[in-house]
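Heads up: the structure comes next, in structure tokens.
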Amino acid sequence: MFYYRTQGFNGYAVKYSPFFDNRLACAASANFGLVGNGRLYILGLTPGGIVGEKWFDTQDGLFDLSWSEIHENQLVVASGDGSVKLFDVMVKDSFPIQNWQEHQREVFSVSWNLVDKNTFCSSSWDGTVRIWSPIHPTSLLTLPTNSCTYSSSFSPHSAHLVSCVSSDSFLRIFDLRIPQATPLPPGPTQPVPRLPPAKPVIQIHVPGNAELLTHDWNKYRPEVIATGGVDRMVRVFDTRGATGSGVANSGMSAGLGGAKVVSELRGHEYAIRKVCWSPHWAGVLMSGGYDMSVRIWEDGCGSGMGTGGLGVMGLKGEMSGGGGRLLGVMDKHTEFVAGLDWCLFGGEGWAASTGWDEGVWVWDANQIVAGMRRR
């Protein structure tokens, strides 16, 4: 394991570079993101550990980041002042090269389009998801959810599908090819244009009415999405056949909208802050949360590493009670875990995590799984 301390700043997100196997970035905030500055760290992986190569200070806290898919030295961050900022690692000064100020409240997530590569999305507590281009001075499109939206993401399989999860317990998927309604005209008591109701192509209400804080698309199965939130459970959805609005059944059967919960992964003691599917194993994902742990799971759909229900490297895991298996627990963090990412390069299974303990850890998931088996 490798460790780096973000002294004075609490980690919210960590991401590996899609271009370099020895570079990652961390978005952090002072005072746990409640008040104060933010800092974007550019970190380098060396044989001797993690070194800080550069950092950018911001006037407000940073909650998420995403590396550009078209420029190896650029990345975008989500800020607590409602702005979205684009930084270039090679620029000598510490100012962003682009700054967009359209969200009305904290921006909590950003995600680059992995297919088209020329656009990215952001979501905010103001109840909107916005689509951007790094070369355009304003947003290209606004998708209203009318609810505090914690996480948004482009599908890794389609340039046109954008998903998000919100405080109203809904998982929504928008198709950007469908024309969006224009803003409604100002009302007699509302001097600014009103956003029309959201019209996602798929809208799934997750059982329990708990806030959804995170989600991620499976990298191998285009129809599969995992969610996590306040109810401490990771749910894996199969969205095939889902149309319009529906309620997913917690009994893992088809819901009213045609969506299906194929796995419920139980084990976290508090809210789940981040879920992340592996880029190497179709049935493996990790989750981190407020219980200060990172948990590695196999979703139970028979597509993890190994055969016969075995987990990563052919190791048996503990049944989670919802169809999947807990393969291992990384417990080095001493505060809330907020950010997770898998490395695309090198040996399969390397991951990074960050949290409110001012720490960034880089570790091998295979060792975590093997260590759990020996206990």
Side-chain angles (χ1 to χ4, degrees), residues 6 9-18 24-30 32-34 37-43 55-69 74-87 96 98-103 105-114 119-132 134 139 145 148-154 156 162-167 211-217 227-229 271-277 286-290 336-342 352-356 360:
T6 57
F9 291 86
N10 310 104
Y12 265 89
V14 62
K15 298 288 177 63
Y16 279 95
S17 166
L24 64 160
C26 175
S29 299
F32 306 99
L34 300 177
N37 299 338
R39 178 171 289 180
L40 171 64
Y41 291 87
I42 308 300
L43 306 176
W55 62 76
F56 300 91
D57 287 330
T58 57
Q59 291 185 345
D60 213 312
L62 299 182
F63 297 136
D64 198 15
L65 70 97
S66 184
W67 286 94
S68 169
E69 291 290 329
Q74 294 181 0
L75 64 170
V76 66
V77 297
S79 178
D81 62 2
S83 68
V84 177
K85 305 177 188 296
L86 182 69
F87 286 95
Q98 182 65 280
N99 185 80
W100 297 274
Q101 186 80 52
E102 294 187 24
H103 284 292
R105 291 197 62 189
E106 292 88 338
V107 183
F108 220 60
S109 78
V110 284
S111 173
W112 212 279
N113 190 329
L114 301 180
T119 56
F120 62 92
C121 65
S122 64
S123 67
S124 169
W125 292 6
D126 65 6
T128 65
V129 175
R130 293 180 186 267
I131 310 300
W132 312 84
S139 62
T145 65
C148 179
T149 306
Y150 293 108
S151 173
S152 62
S153 177
F154 272 98
V162 176
S163 58
C164 62
V165 293
S166 307
S167 60
E211 288 188 319
L212 295 178
L213 305 179
T214 178
H215 77 299
D216 194 32
W217 292 80
T227 66
I272 297 169
R273 180 64 179 80
K274 186 71 175 179
V275 295
C276 189
W277 285 100
M286 61 179 171
S287 59
Y290 294 161
F336 296 167
V337 177
L340 301 171
D341 197 26
W342 295 91
S353 58
T354 190
W356 284 15
V360 174

Legend entry - For Tyr290, all residues meeting ring-ring contact (aromatic ring centres under 6.0 Å, His included), sequence neighbours excluded: Phe336
Legend entry - Student check: side-chain heavy atoms of Phe108 and Trp125 closer than 4.5 Å: yes
Legend entry - Lys15: partners by salt bridge (charged side-chain N to carboxylate O under 4.0 Å, His left out), with sequence neighbours left out: Asp64
Legend entry - Set of residues satisfying side chain to side chain donor-acceptor pair (under 3.5 Å) with respect to Ser122, sequence neighbours excluded: His103, Trp132
Inset, instruction - Please answer whether the main-chain N or O of Ser139 pairs with a side-chain N or O of Glu102 as donor and acceptor at a distance below 3.5 Å. - result: yes
Legend entry - Separation of Leu65 CG from Leu24 CG (nearest 0.5 Å): 9.5 Å
Legend entry - Reported CG-to-OG distance for the pair Asp216 and Ser163, which is rounded to 0.5 angstrom: 8.5 Å
Legend entry - Flag for Thr119-Asn113: side-chain donor and acceptor within less than 3.5 Å: yes
Inset, instruction - May I ask you to test the Ile42-Phe56 pair for a side-chain heavy-atom distance under 4.5 Å? - result: yes
Legend entry - Thr145 versus Thr128, closest heavy-atom pair with distance: OG1-N, 4.1 Å
Legend entry - Heavy-atom pair with the smallest gap, counting every atom of Ala78 and Ser109: CB-N, 4.0 Å
Legend entry - Nearest heavy-atom neighbours spanning Ala27 and Leu62: CB-CB, 4.0 Å
Legend entry - Residues that Glu106 engages under salt bridge (charged side-chain N to carboxylate O under 4.0 Å, His left out), provided they are two or more places apart: none
Inset, instruction - Indicate whether the side chain of Ser151 and that of Thr214 have a donor and an acceptor atom separated by less than 3.5 Å. - result: no
Legend entry - Spatial distance of atom OG (Ser152) from atom CZ (Arg130) [nearest 0.5 Å]: 12.0 Å
Inset, instruction - Measure across Leu114 and Pro156 and return the closest heavy-atom pair with its distance rounded to 0.1 Å. - result: CD1-CB, 3.9 Å
Inset, instruction - For residues Asn37 and Asp57, determine if any side-chain heavy atom of one lies less than 4.5 Å from a side-chain heavy atom of the other. - result: no
Legend entry - Set of residues satisfying side chain to side chain donor-acceptor pair (under 3.5 Å) with respect to Ser353, sequence neighbours excluded: His333, Trp363
Inset, instruction - State which residues pass side chain to side chain donor-acceptor pair (under 3.5 Å) with Asn10; sequence neighbours excluded, sorted by chain then number. - result: none
Legend entry - Set of side chain to side chain donor-acceptor pair (under 3.5 Å) partners for Thr58, sequence neighbours left out: none
Legend entry - Side-chain touch Leu75/Leu40, heavy atoms, less than 4.5 angstrom: yes
Legend entry - Minimum side-chain heavy-atom gap Met286-Trp342 below 4.5 Å: yes
Legend entry - Qualifying residues under salt bridge (charged side-chain N to carboxylate O under 4.0 Å, His left out), relative to Glu211, sequence neighbours excluded: none
Inset, instruction - Provide the closest heavy-atom pair for Thr6 versus Cys26 in the form atom of the first, atom of the second, distance. - result: CG2-SG, 4.3 Å
Legend entry - side chain to side chain contact (heavy atoms under 4.5 Å, CB included) against Ser29, all qualifying residues, sequence neighbours excluded: Tyr12, Phe63
Inset, instruction - Could I get the full list of ring-ring contact (aromatic ring centres under 6.0 Å, His included) partners for Phe9, not counting sequence neighbours? - result: none
Inset, instruction - Just jot down the side chain to side chain contact (heavy atoms under 4.5 Å, CB included) partners of Pro96, sequence neighbours excluded, or say none. - result: Lys85, Phe87
Legend entry - Counterpart residues, salt bridge (charged side-chain N to carboxylate O under 4.0 Å, His left out), relative to Asp81 (two or more places apart): none
Legend entry - Spacing of CG belonging to Leu340 relative to CH2 belonging to Trp277, to within rounding of 0.5 Å: 14.0 Å
Legend entry - Distance, nearest 0.5 Å, that separates NZ of Lys274 from NE2 of His215: 9.0 Å
Inset, instruction - Inspect the surroundings of CD in Gln101 and state if more than 12 heavy atoms from other residues, nucleotides or ligands are less than 6.0 Å away. - result: yes
Inset, instruction - Ignoring hydrogens and angles, state whether a donor on the side chain of Ser111 or Ser66 is under 3.5 Å from an acceptor on the partner side chain. - result: no
Inset, instruction - Supply the atom-to-atom distance Ser123 OG to Tyr150 OH, rounded to the nearest 0.5 angstrom. - result: 10.5 Å
Legend entry - Tyr41 and Val14: CA distance, side-chain angles, deciding distance, side chain to side chain contact (heavy atoms under 4.5 Å, CB included) verdict: CA-CA 9 Å; Tyr41 291 87; Val14 62; over 6 Å; no
Inset, instruction - Please confirm whether the backbone N or O of Val275 pairs with a side-chain atom of Ser287, one donor and one acceptor, at under 3.5 Å? - result: no
Legend entry - Minimal non-hydrogen separation, Thr149 against Ser166, with atom names: OG1-OG, 3.3 Å
